Amino acid sequence: MPPPRVEFLLAEPVLRWLLCPPEVMRGQLDRLQTVVGVPNIRFGILPLGVQLATTPQNSFQMYDDVAIVETFVGETIHRDDEAAAYAKAIERLWKEAVTGEDARRLIVRAAQDLPS
C-alpha cells in the first residue's frame, strides 16, 4: 500500500514567529526542509509580498471531506458544504504558494535570520 498523500501549506510569517527559543526554531526549520521534495508530501509556503486572492484567516486542517478549524477556544469540525468551502479556499491559496526549491530558500533564509 502506498504511503498517504499529505499536504502542508504554511504562511511565511510562521517561519519567522519566535514562539520558542531560536535554537529550537532552527531545528524546526531544518526539519521542514526535509519534507521538501518527498514524493507523497505536497509542501508549500505563501510568501510575503504576494497578492492573495483569498485571505488566510485561521489555521485549519483537511482530512478527506472534513475540515477542522483551530481557534483560541478550541476546534470546530465542519462537514459537507462547509468543509467543501474550506477545500476550495485551500486550493485558491495553493495557487499563490511557492514549492520545491523556492520554498526551501524561504526556510533557509528564515533560519539564517534567526538571532544567535
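Given the structure is predicted, the values throughout are model-derived calculations rather than measurements.
- Tracing side-chain contacts under 4.5 Å through hydrophobic residues (I, L, V, M, F, W, Y), one never reaches Leu46 starting from Ile41; they form parts of separate clusters.
- Defined by atom type and a distance below 3.5 Å, a donor-acceptor pair is present between the side-chain atoms of Gln61 and Glu70.
- A pairwise comparison of heavy atoms in Pro13 and Leu48 identifies CG-CD2, 3.7 Å as the closest pair.
- Among all heavy-atom pairs drawn from Val24 and Cys20, the shortest one is CG1-SG, 3.7 Å.
- Annotation: the span from Thr34 atom OG1 to Leu29 atom CG amounts to 11.5 Å, rounded to 0.5 Å.
- Heavy-atom minimum distance, Thr99 versus Gly44: CG2-CA, 4.0 Å.
- Residue-environment remark: CG (Asp64) stays at or below the threshold of 12 foreign heavy atoms within 6.0 Å.
- Leu10 is connected to Ile107 through a chain of hydrophobic side-chain contacts under 4.5 Å among Ile, Leu, Val, Met, Phe, Trp and Tyr, so both are in one cluster.
- Atom CZ of Arg31 is surrounded by 12 or fewer heavy atoms from other residues, nucleotides or ligands within 6.0 Å.
- When side chains are defined from C-beta on, Glu7 counts as touching Trp94, because their heavy atoms get closer than 4.5 Å.
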Practice problem: For side-chain contact (heavy atoms from CB on, under 4.5 Å), just list the numbers for Val38 and Phe43, CA-CA rounded to whole Å, side-chain angles, deciding distance to a tenth of an Å, and then say yes or no. | Solution: CA-CA 9 Å; Val38 173; Phe43 181 84; over 6 Å; no
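- Annotation for Val98 and Pro47: closest pair CG1-CG, 4.0 Å, computed over non-hydrogen atoms.
- A 4.5 Å side-chain heavy-atom check between Leu114 and Leu18 finds at least one atom pair inside the cut-off.
- Taking 4.5 Å as the limit, every side-chain heavy atom of Asn40 sits out of range of all side-chain heavy atoms of Pro2.
- Put simply, Tyr63 and Ile77 are part of the same group of oily side chains (I, L, V, M, F, W, Y) that touch within less than 4.5 Å, one to the next.
- The side-chain heavy atoms of Phe60 and Ile90, taken from C-beta on, include a pair separated by under 4.5 Å.
- Residues Val14 and Met25 share a closest heavy-atom pair of O-CE, 3.4 Å.
- Annotation: Asp113, atom CG; neighbour count of heavy atoms from other residues, nucleotides and ligands within 6.0 Å is above 12.
- Looking at heavy atoms from C-beta onward, Tyr86 lies in side-chain contact with Val69 at the 4.5 angstrom threshold.
- For Glu96 (side chain) and Leu52 (main-chain N/O), no donor-acceptor pair under 3.5 Å exists by modelled atom type.
- No side-chain heavy atom of Val35 sits less than 4.5 Å from a side-chain heavy atom of Val6.
- Contact record, Ala97 with Leu9: CB-CD1, 3.5 Å, taken as the closest heavy-atom pair.
- Interatomic distance, Gln112 CD to Arg26 CZ, rounded to the nearest 0.5 Å: 10.5 Å.
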Quiz prompt | Chi angles and distances behind the salt bridge (charged side-chain N to carboxylate O under 4.0 Å, His left out) call for Glu101, Arg104 | solution = CA-CA 5 Å; Glu101 289 306 310; Arg104 187 185 311 275; 3.1 Å; yes
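- One hydrophobic cluster, built from ILVMFWY side chains closer than 4.5 Å, holds both Ile45 and Val36.
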